Amino acid sequence: MASQTLYDKLWDQHLVKQREDGTALIYIDRHLLHEVTSPQAFEGLRLAGRKPWRLDANLATPDHNVPTSLKERAAGIAGIEDETSRIQVQTLDDNCNSFNIEQFTINDARQGIVHVVGPEQGATLPGMTVVCGDSHTATHGAFAALAHGIGTSEVEHVLATQCLIQRKMKNMLVRVDGRLGTGVTAKDVVLAIIGEIGTAGGTGYAIEFGGSAIQDISMEGRMTICNMAIEAGARVGLVGVDDITIDYLYERPYAPNAQQWEAAVADWRNLVSDADAEFDKVVVLKAEDIAPQVTWGTSPEQVTSVNGVVPDPAAASDDTEARGITRALEYMGLSAQQKITDIKLDRVFIGSCTNSRIEDLREAARVAEGRTVAKSLKQAMVVPGSGLVKAQAEAEGLHEIFLAAGFEWREPGCSMCLAMNADKLGAGEHCASTSNRNFEGRQGFGGRTHLVSPAMAAAAAIAGHFVDVRDFAPIPTNNTQVA
Ligand SMILES: CC(C)[C@H](C(=O)O)[C@@H](O)C(=O)O
Ligand code: SF4
């Protein structure tokens, strides 16, 4: 058989029917649901008198609309102040109950951001097709699963038929060779990739991330990278299976049990691109060239190194680019040539499906340990991605480090990643955020988002402005106290 990419293999394994017009029907193994994109889908099923095709393929949890303050959270759904949000979470709850779909409810210890919960439970597995009414479903591709976001009508279609109509994408390989420097993380890698190929660079492609730097990265980091494939225009991000993938999944609740484990692992080992597989496009980055990244504009591609400066529209390659820079600078309240390290911050947000896993919190805590959040900040918050991440962080004492430094320690949810709950930026405020989108108004009307890694966000919170976490010396380790 001809050589195949990982994407080709996953596609072939799920192809139900190829049609002559280029569309194809593919089978869906796992369907994740949240409160924002599911209500009309359930309503559609109800109106058509249909039932979900395969109940155990579905797993639901509320995340976008849940409050993250303990006080509101303690009261469950009734504690959600905003009416639309409350109705949405209540509707998910009612729908899951009436259709018999498994849900980690608002106060379940396993609740969290859907893209954190799926992998953490082993509900996302290598070789699966995974869909969710959410664009950041690409996250799950870190497990060599064919995962992408779908719209609400497709949510209904998957519920009803367990299948989806798709068109095959092209194959792109983004290879990161070499080794990352200390203080440079998965978030910096993906921001650098988007800086290189642009937000449309991946349009029409499934991007596989490979190379030695990716192979060295943990599952948490690989999820961070695949999470932002969509910000590079690609609906699908992928990483091939290796020991890191397999070790992460061992004994997860929904993963194969002890009797099935060896057979599953043997199967998963095939989920890599063949050595001589051909990609339609290959992009290569050198890990050594990647510095900690900060976005200065209103698109994830408007990014530079922390030691860089805000670009000058006068130096743009064409008029369109110049206008884009000018508009972004106006919105962001920045001036051309301004040093990134001179950007002062009002708030810091460590969380979101990009960077709210245990390793992200460990990295942020390592920087925050023994230090204090700058007085000039209005708020610095840490929002774990799930109840289990929160519990793990607390078992490791990370919450104490954050609280002692002056960070808020919140309940799990999407939080300030997008303004769909009580956590919002005020107009004109600058925020160092570990999330994935810096669009106008994304974190609140008029809010100004700068995307960074958890370590960079923690360092910025301490300094009150951006700093190179590598100069924040010595970078404390777990046993080192830094004054
Ligand atoms: C609300 C949801 C549909 C949306 C998405 O699809 O990504 C959200 O999660 C986001 O990050 O903007
Ligand atoms: S954390 Fe942000 S990006 Fe992720 S699903 Fe929630 S809103 Fe979307």
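When a ligand or atom number is given, it counts from 1 through the structure's own listing order. What you see is a predicted model, and the numbers here were worked out from it, not measured in a lab. For the single chain, residues carry numbers from 1 onward in sequence order.
Proximity of M416 to ligand 2, defined as any heavy-atom pair under 4.0 Å, is not found for any part of the residue. Heavy atoms of T37 found under 4.0 angstrom from ligand 1 belong exclusively to the side chain. At a heavy-atom distance under 4.0 Å, only side-chain atoms of R442, from C-beta outward, approach ligand 1. The proximity of H64 to ligand 2, defined as any non-hydrogen pair under 4.0 Å, is limited to the side chain.
Under the 3.5 Å distance criterion, with hydrogens and angles disregarded, a donor-acceptor pair is assigned to the side chains of H140 and T124. Side chain to side chain, E102 and Y254 meet the donor-acceptor criterion of an N or O pair below 3.5 Å. With no hydrogens or angles considered, no side-chain donor-acceptor pair links Q293 and H450 at under 3.5 Å. Residues Q443 and S433 bring a donor and an acceptor atom of their side chains to less than 3.5 Å of each other.
Using a cutoff of 4.0 Å between basic side-chain nitrogens and carboxylate oxygens, R410 and E408 are scored as salt-bridged. Checked for salt-bridge contact, R46 and E43 meet the test: a charged N lies under 4.0 Å from a carboxylate O. E396 and R362 are joined by a salt bridge, as a carboxylate oxygen and a charged side-chain nitrogen come within less than 4.0 angstrom of each other.
Here atom 2 (C) of ligand 1 lies nearest to D134 when heavy atoms of D134, I230, V36 are compared.
Between Y7 and Y205, the distance separating the two ring centers is not shorter than 6.0 angstrom.
Legend: residues meeting side-chain hydrogen bond (donor to acceptor under 3.5 Å, both in side chains) with D360, ordered by chain and number and at least two apart, are N355.
Of all protein N, O or S atoms, those under 2.8 Å from atom 4 (Fe) of ligand 2 number 1.
Atoms of ligand 1 lying under 4.0 Å from any heavy atom of R437, numbered from 1 in the order shown and given with element: 7 (O), 10 (C), 11 (O), 12 (O). Residue-ligand proximity, S135 to ligand 1, at heavy-atom distances under 4.0 Å covers atoms 5 (C), 6 (O), 7 (O). Listed by number with element, the atoms of ligand 1 under 4.0 Å from a non-hydrogen atom of M420 are 1 (C). Close contacts of ligand 1 with H136, meaning ligand atoms under 4.0 Å from a residue heavy atom, involve 7 (O), 11 (O).
Summarising the geometry of V241 relative to A144, their closest heavy-atom pair is CG2-CB, 3.6 Å, with the distance given to 0.1 Å.
Residue contacts with ligand 2 leave out E231, since none of its heavy atoms falls under 4.0 Å from the ligand.
Looking at H34 next to ligand 1, no N or O pair under 3.5 Å apart turns up.
Relative to the six-membered ring of F349, R347 misses at least one condition, a distance below 6.0 Å or an angle of at most 45° to the axis.
The protein non-hydrogen atom at the shortest distance from atom 8 (C) of ligand 1 is H64 NE2, 3.4 Å.
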* Stepwise, does the salt bridge (Lys or Arg N to Asp or Glu O under 4.0 Å) test hold for K390 with E411? -> CA-CA 8 Å; K390 181 169 188 255; E411 300 301 303; 3.0 Å; yes
